[in-house]
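Below, chain A is the first sequence line, B the second, and so on; all start at residue 1.
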Amino acid sequence: MKVVYIGIAILIIVFVYLFTAQKIGENRERQFFIRFDTTNINGRLEYAKIGYHGCVFKIEGTEKEFVFYPYTSELNGNNIFYNIAKKGDLVIKEAHSDILKLKKEDDKVYIYKFRKPND
Amino acid sequence: MRKNDARLILDRIEFVREEDGKAEGDGDWFSNAYNSAIGRMVVPDFLAIGVGFNGIAGFGGGTTIEARWITHGPEASWKPMITVTQSVGGGFSVASILNIEAANYIGNVNNITRSMMQTSTPNGDFPTIWGAAGVAAGGKIGVTGYVTPNVGGSFIIGGELNMGAGLPAGPLPVNGAGGASNTWILYDFY
């Protein structure tokens, strides 16, 4: 009987954990997107890396990081953003725009569409 | 900005607009079938094979190193990534094992990315939670189930077949454990 109680307790803990993670995850994505969506970005990249299951990048001279979820596609030569984006590359995205442009030092331009909450 | 740059960007923006006009599901029949719900059940979104060690007796941890393939979504490729998974947990599982793993993303196939494979709790990600049970008496065979919460409220749900050498928890030749884990991408061949 004790084993059954332990099993039920573990199941409850798992469901509470998953429910909490889902709610916080949804809210987190919304917060990331609002910050990214409402900002005019036009500057040199300091770094880009994997984070929050997506992509984190920082523009030189700014305080905070941006988190977004770019789609790898023909628009960007099927290059994953955090793989190709390097320090010094130009990142351009107007507020509320559907695309982000990454301009490399050799003048190549890669365009990224990105996931929005509830997509 | 030079004139050529402006032309290139305008051309690509036009291409984006054309892409926007496409209905979901456009594409060849093979792609549609492969990325359908049934296709994703037949060939799971993520496949992996790994080796590692668990040392959990009451409380403990384990480490495995894996080759992972992303088989669906825009970043799918036959090229693997190499990952390392660090686990902590409770129960009893003392084993040296080979893992064969399959998992699915519970969400839109277009949103599957290679970066989903990394969970780093120190950087703010929710850890994967897992539970494992097996038969062990020198040799070991068992199964592990796990769930990884993703940003956006979706999950990756997966399972592993574990084979190798392991110790039983007591007089019966069984063992079981549960816990949490993080996975880091060491190298991606993509």
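If you measure heavy-atom distances from B:T119 to chain A, the contacts under 4.5 Å come from both the backbone and the side chain. The contact between A:Y82 and chain B is made entirely by side chain atoms (from C-beta outward), counting heavy-atom distances below 4.5 Å. A:S73 does not touch chain B: none of its heavy atoms, backbone or side chain, sits under 4.5 Å away. With a 4.5 angstrom heavy-atom cutoff, B:V147 touches chain A only via side-chain atoms. In this structure, chain A has a heavy atom under 4.5 Å from the backbone of B:N123, while its side chain stays farther away. B:Q118 touches chain A through backbone and side chain together, each having a heavy atom under 4.5 Å away.
Between chain A and the residues B:G73, B:S154, B:P127, the most heavy-atom pairs under 4.5 angstrom are made by B:P127. Taking B:P149, B:G152, B:P74 one by one and counting their heavy-atom pairs under 4.5 Å with chain A, the maximum is reached by B:G152. Annotation: maximal heavy-atom pairing with chain B below 4.5 Å, among A:N79, A:I24, A:N83, occurs at A:I24.
No more than 12 heavy atoms of other residues, nucleotides or ligands sit less than 6.0 Å from atom CD1 of B:I38. Surrounding OH of A:Y47 are more than 12 heavy atoms belonging to other residues, nucleotides or ligands, all under 6.0 Å away. When the shell of 6.0 Å around CD of A:E60 is examined, it contains more than 12 heavy atoms from other residues, nucleotides or ligands.
B:F46 is not connected to B:W69 by any chain of hydrophobic side-chain contacts under 4.5 Å among Ile, Leu, Val, Met, Phe, Trp and Tyr, and they are in different clusters. Under the 4.5 Å side-chain heavy-atom criterion for ILVMFWY residues, no single connected hydrophobic cluster contains both B:V151 and A:I34. Residues A:V16 and B:F126 do not share a hydrophobic cluster, clusters being chains of Ile/Leu/Val/Met/Phe/Trp/Tyr side chains in contact below 4.5 Å. Hydrophobic cluster membership differs between B:V94 and B:M163, with clusters built from Ile, Leu, Val, Met, Phe, Trp and Tyr side chains linked at under 4.5 angstrom. When the side chains of ILVMFWY residues are joined at heavy-atom separations under 4.5 Å, either directly or via intervening members, B:M81 and B:I112 end up in a single hydrophobic cluster.
With hydrogens and angles left out, the side-chain atoms of A:Y52 and B:N150 include no donor and acceptor closer than 3.5 Å.
The main-chain N or O of B:G124 is found under 3.5 Å from a side-chain atom of A:R28 such that the two form a donor-acceptor pair. Judged purely by atom type and a 3.5 angstrom limit, A:H53 has no side-chain atom pairing as donor or acceptor with the backbone of B:M117.
Contact detail for B:N110 and A:Y71: the closest heavy-atom pair is O-CE2, 3.3 Å.
Separating the CD atom in B:E75 from the CD1 atom in A:I80 is a distance of 4.0 Å, to the nearest 0.5 Å. Rounded to the nearest 0.5 Å, atoms CG (B:N111) and OH (A:Y69) are 11.0 Å apart. One distance of note links CD1 of A:I50 with OG of B:S120; it measures 10.5 Å at 0.5 Å rounding. With rounding to the nearest 0.5 angstrom, the CG atom of A:L18 is 10.0 Å from the OG1 atom of B:T148.
For residues 169-185 of chain B, heavy-atom neighbours of chain A at less than 4.5 Å comprise B:I185, sorted by residue number.
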